Colleague: 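The structure under discussion is supplied below as structure tokens; questions concerning it will follow.
Because the structure is predicted, anything quoted here is derived from the model rather than measured. Chain identifiers are assigned alphabetically (A, B, ...) following the order of the sequence lines, protein sequences preceding nucleic acid strands; residue numbering begins at 1 within each chain.
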Protein chains: 4
Amino acid sequence: MAALNTNLIAEKAGVSVGTLYQYFPNKETIAAELVRRLRAEMRADILQAVAATQGSNIHDTALAMVRASIKHHTRAPGLVRVLEAAEAELPLDEEARHAKAQVHKDLVAVLVAHDIDRPEIASVDLAAMAEGMVHAAIQRGEEDIDDITARVFRAVCGYLNI
Amino acid sequence: MAALNTNLIAEKAGVSVGTLYQYFPNKETIAAELVRRLRAEMRADILQAVAATQGSNIHDTALAMVRASIKHHTRAPGLVRVLEAAEAELPLDEEARHAKAQVHKDLVAVLVAHDIDRPEIASVDLAAMAEGMVHAAIQRGEEDIDDITARVFRAVCGYLNI
Amino acid sequence: MAALNTNLIAEKAGVSVGTLYQYFPNKETIAAELVRRLRAEMRADILQAVAATQGSNIHDTALAMVRASIKHHTRAPGLVRVLEAAEAELPLDEEARHAKAQVHKDLVAVLVAHDIDRPEIASVDLAAMAEGMVHAAIQRGEEDIDDITARVFRAVCGYLNI
Amino acid sequence: MAALNTNLIAEKAGVSVGTLYQYFPNKETIAAELVRRLRAEMRADILQAVAATQGSNIHDTALAMVRASIKHHTRAPGLVRVLEAAEAELPLDEEARHAKAQVHKDLVAVLVAHDIDRPEIASVDLAAMAEGMVHAAIQRGEEDIDDITARVFRAVCGYLNI
DNA sequence: CATGAATGAGTCTTCATTCAT
DNA sequence: CATGAATGAAGACTCATTCAT
């Protein structure tokens with residue numbers, strides 16, 4: 001995949017390939033690290049959204065989280081897309097898996113706090129649903145973030161029966 | 001891109017690479033053709049679902065379509081995933097673009113028939129949402145199709161406010 | 001070499017590749033046959049030139065032969081060029097070698113008849129010289145055959161000290 | 001074109017294919033560069049011959065140039081032959097075309113200095129004639145350079161009427 | 001978070017050759 | 001001078017990885 005070319009990654013990172021390989025044993029770990037960072041950023045966004053709506057009803061929290069998710073996709077659409085596609089077939093290392101799991105856990109915690117049924121499943125479903133919709137919208141060139149947000153929010157509420 | 005290796009594609013297709021190249025000028029067109037077939041099959045599944053629920057309310061039709069979408073993902077999960085990932089960066093030829101557009105049009109037609117708001121947008125949103133959720137579920141190894149169906153259906157209804 | 005593509009040769013010959021391979025065991029023999037024909041035609045042209053100047057002085061004979069050589073290059077410039085290039089690295093079969101040798105022998109005979117020194121060497125030198133000049137002129141797009149003839153003739157006379 | 005096989009070129013150049021492709025975008029430019037070098041070397045040989053016979057009559061200069069031309073063919077007969085054959089169908093880049101043109105210009109300059117008629121045409125004719133004869137002689141395995149030189153020289157003088 | 005030219009295994013693509021019809 | 005789709009070895013090209021500086 002052209003976008004995950006090691007030389008390109010190095011260039012974008014402002015270093016040489018050699019340097020990259022001094023810190024990572026191979027391309028897979030490099031990609032895993034990028035995934036880790038992506039998830040960490042995402043988590044920060046989400047935690048912030050959760051914190052900001054602390055004590056509110058689930059609607060407000062959900063809305064804030066959807067917004068956070070979209071923000072995350074807007075930052076570097078190309079990279080996010082490529083990495084999320086790569087994530088599936090990549091043998092993630094412990095760190096990356098952990099970062100990914102954290103996002104999941106945070107979401108589960110929110111769902112549990114609001115008495116949602118089968119929170120573990122709901123967490124992955126909601127993430128997949130939002131990711132799918134946002135991803136498609138961004139890729140089509142949509143720019144009205146509020147509109148995208150509203151649409152995803154509708155689906156989320158439907159899924160949660162709230 | 002191990003899964004879109006021309007030699008592998010040829011092998012799976014039961015022919016030699018040379019034969020493949022007698023019908024397609026290069027790898028891109030080969031991939032485009034696979035996308036075209038995928039979309040054509042998907043469309044057949046969806047049209048059948050629509051036809052089978054002709055005259056029913058939108059709930060039944062939506063449910064049938066969700067089921068069709070899942071069926072499509074179940075057939076050849078690996079290939080579907082790879083192709084859907086490739087679809088975005090592939091220069092699709094006329095045929096493939098047409099096949100993709102047809103699926104979209106069919107869905108829009110159903111939405112229009114049921115007086116759904118902004119049917120064009122709804123069509124892509126619903127497709128993305130379902131694809132995202134189903135994709136994630138299948139990849140995680142879920143096998144209870146009815147359960148997945150019910151969850152996607154909930155999101156769809158929420159999105160459509162029905 | 002694109003111009004010696006077996007499928008192309010077959011097409012130009014108005015048959016299928018399969019048919020070609022029913023008469024020749026491989027590409028080399030096909031090329032050899034083309035060389036053989038080329039040399040046979042060339043020989044015919046040269047013999048005719050010699051016959052037409054029977055009894056004349058060497059100047060007239062040389063001039064006629066140069067003309068014949070140019071005619072040969074004009075017929076199918078592309079093929080002639082390709083074949084003459086191929087001739088060197090091709091393992092010619094008996095027939096083709098014989099056809100080539102015949103041309104040489106005829107020339108030697110003429111040279112002997114006119115008391116030229118070292119006729120064997122002169123024969124190949126003259127052929128190479130004429131071929132080189134004519135080839136280059138034709139390829140550059142020159143069309144004034146008489147002019148090319150005059151120039152080659154000058155070189156030939158110089159070589160022969162006549 | 002076995003002799004212009006990229007892997008072979010790389011091997012002969014003492015590097016790997018990858019390295020070759022780090023400096024040239026494709027096979028054609030690689031071949032063009034080889035042609036350029038060939039012509040540059042040839043030019044050096046010729047200029048040296050011209051310089052060494054500065055002020056002499058045209059006979060001496062012509063002789064020296066014929067000798068230079070033969071030397072050029074002797075260095076790497078195989079490569080020279082292949083490249084000169086390839087030259088015609090190759091899309092030469094600016095550099096290569098320039099190198100080729102330089103040789104031509106140098107020769108024209110010499111011819112002009114000696115009041116030769118139609119120097120532009122004479123230049124290409126002489127080059128083609130010498131190349132044709134030398135080429136054939138070398139390929140037949142002749143090793144007596146002086147003899148070849150004398151024969152080519154005779155043709156050259158005849159052509160130039162000197 | 002050093003550098004980047006060199007390496008060569010792995011892909012894409014072509015084309016001489018075969019063989020079922 | 002039967003046909004031409006199928007084959008796969010060979011050749012063009014890429015890119016993850018290394019190593020001398």
Colleague: Identify, between Tyr23(A) and Leu20(D), the residue whose nearest nucleotide on DNA chain E lies closer to the 5' end.
Modeller: Tyr23(A)
Colleague: Report the distance from atom CD of Glu28(D) to atom P of dG11(F), rounded to the nearest whole Å.
Modeller: 18 Å
Colleague: Nearest heavy atom decides the nucleotide; on that basis, is Phe24(C) or Thr19(D) closer to the 5' end of DNA chain F?
Modeller: Phe24(C)
Colleague: Tell me: CD1 of Ile9(B) to P of dT11(E), nearest whole Å?
Modeller: 12 Å
Colleague: Round to a whole Å and report the spacing from OH of Tyr21(D) to P of dT14(F).
Modeller: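 It is 7 Å, rounded to the nearest whole Å.
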Colleague: For Ala13(A) and for Gly18(D), locate the closest nucleotide of DNA chain E by heavy-atom distance; then report the residue assigned to the nucleotide nearer the 5' terminus.
Modeller: Ala13(A)
Colleague: Within the structure, does a side-chain N or O atom of Thr6(D) lie under 4.0 Å from either OP1 or OP2 of dA12(F)?
Modeller: yes
Colleague: Where the side chain of Asn26(B) meets the backbone of Thr29(B), is there a donor-acceptor pair that is under 3.5 Å apart?
Modeller: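 Here the side-chain-to-backbone pair exists.
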Colleague: Across all strands, who's sitting opposite dG8(F) as a Watson-Crick or G-U wobble pair, both distances under 3.5 Å?
Modeller: dC15(E)
Colleague: Specify the separation, in whole Å, of atom CG of Leu4(B) and atom P of dG10(E).
Modeller: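 The distance from CG of Leu4(B) to P of dG10(E) comes to 19 Å, rounded to the nearest Å.
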Colleague: Considering heavy-atom distances to DNA chain F, does Ser16(C) or Val17(D) have its closest nucleotide positioned more toward the 5' end?
Modeller: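 This one resolves to Ser16(C).
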Colleague: In whole Å, I'd like the distance from the CD atom of Gln22(D) to the P atom of dT7(E).
Modeller: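 In whole Å, dT7(E) P lies 10 Å from Gln22(D) CD.
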Colleague: Would you say Lys27(A)'s side chain and Asn5(A)'s backbone share a donor-acceptor pair under 3.5 angstrom?
Modeller: no
Colleague: Look at the side chain of Lys27(C) and decide which nucleotide, out of dA16(E), dC12(E), dT17(F), has an atom nearest to it.
Modeller: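 From the listed options, dA16(E) comes nearest.
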Colleague: Of the options dA6(E), dT3(E), dC13(F), whose atoms approach the side-chain atoms of Asn7(D) most closely?
Modeller: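 Among dA6(E), dT3(E), dC13(F), the one nearest the side chain of Asn7(D) is dC13(F).
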Colleague: Can you check the Glu11(B) CD to dT11(E) P distance for me, whole Å?
Modeller: 12 Å
Colleague: Got a salt bridge between Glu41(B) and Lys71(B), using NZ or NE/NH1/NH2 to carboxylate O under 4.0 Å?
Modeller: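 Salt bridge: no.
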Colleague: Would you say Asn5(A) places a side-chain N or O within less than 4.0 Å of OP1 or OP2 belonging to dA16(F)?
Modeller: yes
Colleague: Tell which nucleotide pairs with dA20(F), taking only Watson-Crick or G-U wobble pairs whose two distances are both under 3.5 angstrom.
Modeller: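 Check on dA20(F): paired to dT3(E), both distances under 3.5 Å.
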Colleague: Have His98(B) and Gln102(B) got a donor and an acceptor in their side chains that come within less than 3.5 Å?
Modeller: yes
Colleague: Donor-acceptor pair, Thr19(D) side chain versus Val15(D) backbone, under 3.5 Å?
Modeller: no
